[in-house]
Amino acid sequence: MGQSVRTFLGWAAFVFFLFFMWSTFGEIRARNDRVPFSQVMAALEEGRIKQMEITGQALTGEFTSGVKFQSTGVLTDSVLESLHRANRHYGTQYEVQKERSGMFWLFLLQWMPMLLILGLFLFFMRQLQAGGGKIMSFGKSRARRMTEKQSSVTFADVAGATESKRELQEVVAFLRNSKQYTRLGGRIPKGVLLIGAPGTGKTLLARAVAGEAKVPFFSIAGSEFMEVFVGIGPSRVRDLFEQGKRCAPCLIFIDEIDAVARNRSMGLSSGHQEQEQTLNQLLVEMDGFEANAGVVVIAATNRPEMLDPAILRPGRFDRHVIVGKPDLSGREAILQVHTRRIKLADDVDLSVVGRATPGMTGADLENLVNEAALMAAHHSQEAVGMKEFEAAADKILMGSERSAVVMSRKELEATAYHEAGHALVSCLLKGEKGEPDPVHKVTIIPRGAALGLTMQLPVEDRHSVNESFACNQIAVLMGGRIGEEIALGQASSGAANDFEKATELASKMVREWGMSKEVGLTFHRTEQPSNFLGLPQHPAVPCSESMAEKIDSEIARILSQQYHRAKDLLQKHVRILNKTAQALLEYETISGQELHTLIAGGQIARKRPTSRFKTPKQWMSEQQQSKKEGQKEAKEAAAAVSARTAIAQQPQQQKQQRATGHEPV
């Protein structure tokens, strides 16, 4: 029976219940005019009854006073004689009818309300126990089932994860033809753990496996096992796997499994006992399957270090699939998937967009395409062009523009020389060993928390960092402070984030990467707190006090060395530094190609935009002008009100003057 039919029957029963309750209480109210049979007979003998009707044992009638009555009595011969006598002497009208066969309706009226109450109680209790989030279904699994017909996602819809798809295709082959793999005594993997950063497509891969295998697919989040009631988590785990066994072969997907399978040694209080019981039940279910049951568990997490070792062992999650961020070709493939339903302009080159979005995941790229489409629609464009993609990428990578920020001329100059220092050092190091990534764009328009930005884009994806590149990157970070010192003769707080990044990079070179001769090929990691209650994510590697002094000395040496290296470069090219800063002050944003034009001695050949910044004097002047205009409008409005009031008072004044005999001349 469908949900709509059950709802209709419930409401119909409720309406009938109200009707019979009304009928019953109406009957009770009608019985308020009942009169005892003895009083009826006494009134009949006295002639105070006008008319009476007898049906079986039911008597109804009307007194001579006009009041109607009801009664119950046995029709005997003496009663009939009294009726005849009253009719002869007092004119009492009476009528005797045969008794109706209304026992069934009488029974129905008397017992139907009770039967309806009992039926409604049973109906609602069954509804409460039917699952789907009802109050009595705490122990039922809340997994959402997707059949093979509903699962329309396939591997063709997944891009940028070639290696992950290759490993999962074997799982599809297991589910499609399990006998081929079990005939030699092997067993199907019981679990596959997808590990990757947020947004890399772990859930999409699991759905694609279900779509390719054409098997039922159960999806549930790890947090849905937990409830405020004790014992609910294990009960839901049991119910989930029972459903899976009934539908085998099938897939069970547990998203964010770290919510329920967290390391039991991290429990700091008894409040984690329910979680531990749920995890224990999950361990038992995964390791308690019958051989070749055909149920495969796929779980996803972005925090594998938080999982309990018992669930990671073979026999539970036999395979660990790493779902990493897409490379350049992967980003281009993902963009092609997400732009299928987007109308693109002729100038759109997805390979360029892919190169301009390093480090983005599949979710980030989907958001990029959506932002570009919204921008094009906002400007009433017929198609999404390269300009919208570039603006969307700038917004996501660098933050939204804050053009309303009021900056003085000195702050603008400091920002311009700061960003010019970054960009110029990056360009001057081109051609050297481990050269930094090329400059894509330089801007002094505030974005996010920064007053200006120098955006560098890699030519190709980088999976490791060598010593030359690390040193060059530190020099580029130092270029901002040096540009301010050379041009303005003083420093500002704008380089705080640059120093933080440079120090972190130099620390990794010395502590972890073995790029210091003084410290040697040793590993000294500092304690890194995790997001879970401040517990250390990676244990610290201790070192002696003398080694700690060497590490600090080497970090300071690397920073100082790259600082003086960048300073020498900028001092040799002060003219180009000034020229680049002035161009930023005029154009606010210059591209990497325009920067190389300035370094080569050329000029930027484009129209100067209208500045979106205002100096404090301009801002104060606009505020004062706006205030004056507001005061002027207020005076004009007050004058208009006074004029209307005077016009309205003229007829009254004329009447008063006529009454006093003083007519206006």
Side chains of [X] and [Y], heavy atoms from C-beta outward: is any pair under 4.5 Å?
{"X": "Cys471", "Y": "Met509", "answer": "yes"}
{"X": "Met547", "Y": "Val519", "answer": "yes"}
{"X": "Leu570", "Y": "Leu424", "answer": "yes"}
{"X": "Ile486", "Y": "Gln571", "answer": "yes"}
{"X": "Pro436", "Y": "Gln456", "answer": "yes"}
{"X": "Leu368", "Y": "Val353", "answer": "yes"}
{"X": "Val323", "Y": "Ile195", "answer": "no"}
{"X": "Phe389", "Y": "Val352", "answer": "no"}

Any luck finding a side-chain donor-acceptor pair between [X] and [Y] under 3.5 Å?
{"X": "Glu256", "Y": "Thr301", "value": "no"}
{"X": "Glu366", "Y": "His338", "value": "no"}
{"X": "Glu332", "Y": "Ser351", "value": "no"}
{"X": "Arg557", "Y": "Gln561", "value": "yes"}

Would you say Lys395 has more than 12 foreign heavy atoms packed within less than 6.0 Å of its NZ?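 Open.
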Please say whether more than 12 non-hydrogen atoms of neighbouring residues, nucleotides or ligands are located less than 6.0 Å from CD in Gln593.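 No, not enclosed.
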Please test Val510 against Met515 for side-chain contact (heavy atoms from CB on, under 4.5 Å), starting from the C-alpha separation and ending with a verdict. CA-CA 6 Å; Val510 176; Met515 296 180 180; over 6 Å; no
If you apply the rule side chain to side chain donor-acceptor pair (under 3.5 Å), what do you find for Asp327 with Ser329, and how did you get there? CA-CA 6 Å; Asp327 55 9; Ser329 59; 3.2 Å; yes
Distance, nearest 0.5 Å, that separates [atom1] of [X] from [atom2] of [Y]:
{"X": "His378", "Y": "Glu388", "atom1": "NE2", "atom2": "CD", "result": "11.0 Å"}
{"X": "Thr357", "Y": "Asp364", "atom1": "OG1", "atom2": "CG", "result": "9.0 Å"}
{"X": "Leu279", "Y": "Ile311", "atom1": "CG", "atom2": "CD1", "result": "5.5 Å"}
{"X": "Lys410", "Y": "Leu488", "atom1": "NZ", "atom2": "CG", "result": "10.0 Å"}
{"X": "His564", "Y": "Lys567", "atom1": "NE2", "atom2": "NZ", "result": "6.0 Å"}
{"X": "Glu419", "Y": "Met455", "atom1": "CD", "atom2": "CE", "result": "13.0 Å"}

Pair up each side-chain donor or acceptor in residues 160-167 with any protein partner under 3.5 Å, not counting sequence neighbours, and list the distances.
| residue | atom | partner | partner atom | Å |
| --- | --- | --- | --- | --- |
| Glu163 | OE1 | Arg166 | NH1 | 2.6 |
| Glu163 | OE2 | Arg166 | NH1 | 2.9 |
| Ser164 | OG | Ile322 | O | 3.0 |
| Lys165 | NZ | Phe155 | O | 3.4 |
| Lys165 | NZ | Val158 | O | 2.8 |

Of the non-hydrogen atoms in [X] and [Y], which two are nearest, and what is the gap between them?
{"X": "Ser223", "Y": "Ala259", "value": "N-CB, 3.8 Å"}
{"X": "Cys427", "Y": "His596", "value": "SG-CE1, 3.9 Å"}
{"X": "Leu595", "Y": "Ala423", "value": "CD2-CB, 3.6 Å"}
{"X": "His320", "Y": "Leu312", "value": "NE2-O, 3.4 Å"}
{"X": "Gly354", "Y": "Leu328", "value": "C-CD1, 3.6 Å"}
{"X": "Ile590", "Y": "Ala583", "value": "CG2-O, 4.4 Å"}

With sequence neighbours excluded, residues passing side chain to side chain contact (heavy atoms under 4.5 Å, CB included) with Glu435: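 Once residues adjacent in sequence are excluded, the partners of Glu435 under the side chain to side chain contact (heavy atoms under 4.5 Å, CB included) criterion are Lys430.
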What's the verdict on side-chain contact (heavy atoms from CB on, under 4.5 Å) for Leu451 and Ile444, showing C-alpha distance, side-chain angles and the deciding distance? CA-CA 6 Å; Leu451 296 179; Ile444 59 172; over 6 Å; no
Tell me if a side-chain donor or acceptor on [X] pairs with a main-chain N or O of [Y] at a distance below 3.5 Å.
{"X": "Glu594", "Y": "Ser591", "answer": "yes"}
{"X": "Asn472", "Y": "Phe469", "answer": "no"}
{"X": "Thr503", "Y": "Phe499", "answer": "yes"}
{"X": "Thr200", "Y": "Gly196", "answer": "no"}
{"X": "Lys202", "Y": "Ala197", "answer": "yes"}
{"X": "Ser560", "Y": "Ala556", "answer": "no"}
{"X": "Thr580", "Y": "Ile576", "answer": "yes"}

Evaluate the side-chain contact (heavy atoms from CB on, under 4.5 Å) criterion for residues Ile342 and Leu344: first the C-alpha distance (whole Å), next the side-chain angles of each, then the deciding distance (0.1 Å), finally the verdict. CA-CA 6 Å; Ile342 303 296; Leu344 301 178; 3.9 Å; yes
Quick one: do [X] and [Y] make a salt bridge, cutoff under 4.0 Å?
{"X": "Asp498", "Y": "Arg481", "answer": "no"}
{"X": "Arg340", "Y": "Asp157", "answer": "yes"}
{"X": "Lys441", "Y": "Glu390", "answer": "yes"}

For the side chain to side chain contact (heavy atoms under 4.5 Å, CB included) test, which of Leu307, Ile257, Val192 pairs with Phe317?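 Answer to the side chain to side chain contact (heavy atoms under 4.5 Å, CB included) test with Phe317 among Leu307, Ile257, Val192: Ile257.
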Mind running side-chain contact (heavy atoms from CB on, under 4.5 Å) on Glu549 and Glu554 for me, showing each step along the way? CA-CA 9 Å; Glu549 291 179 359; Glu554 281 298 290; over 6 Å; no
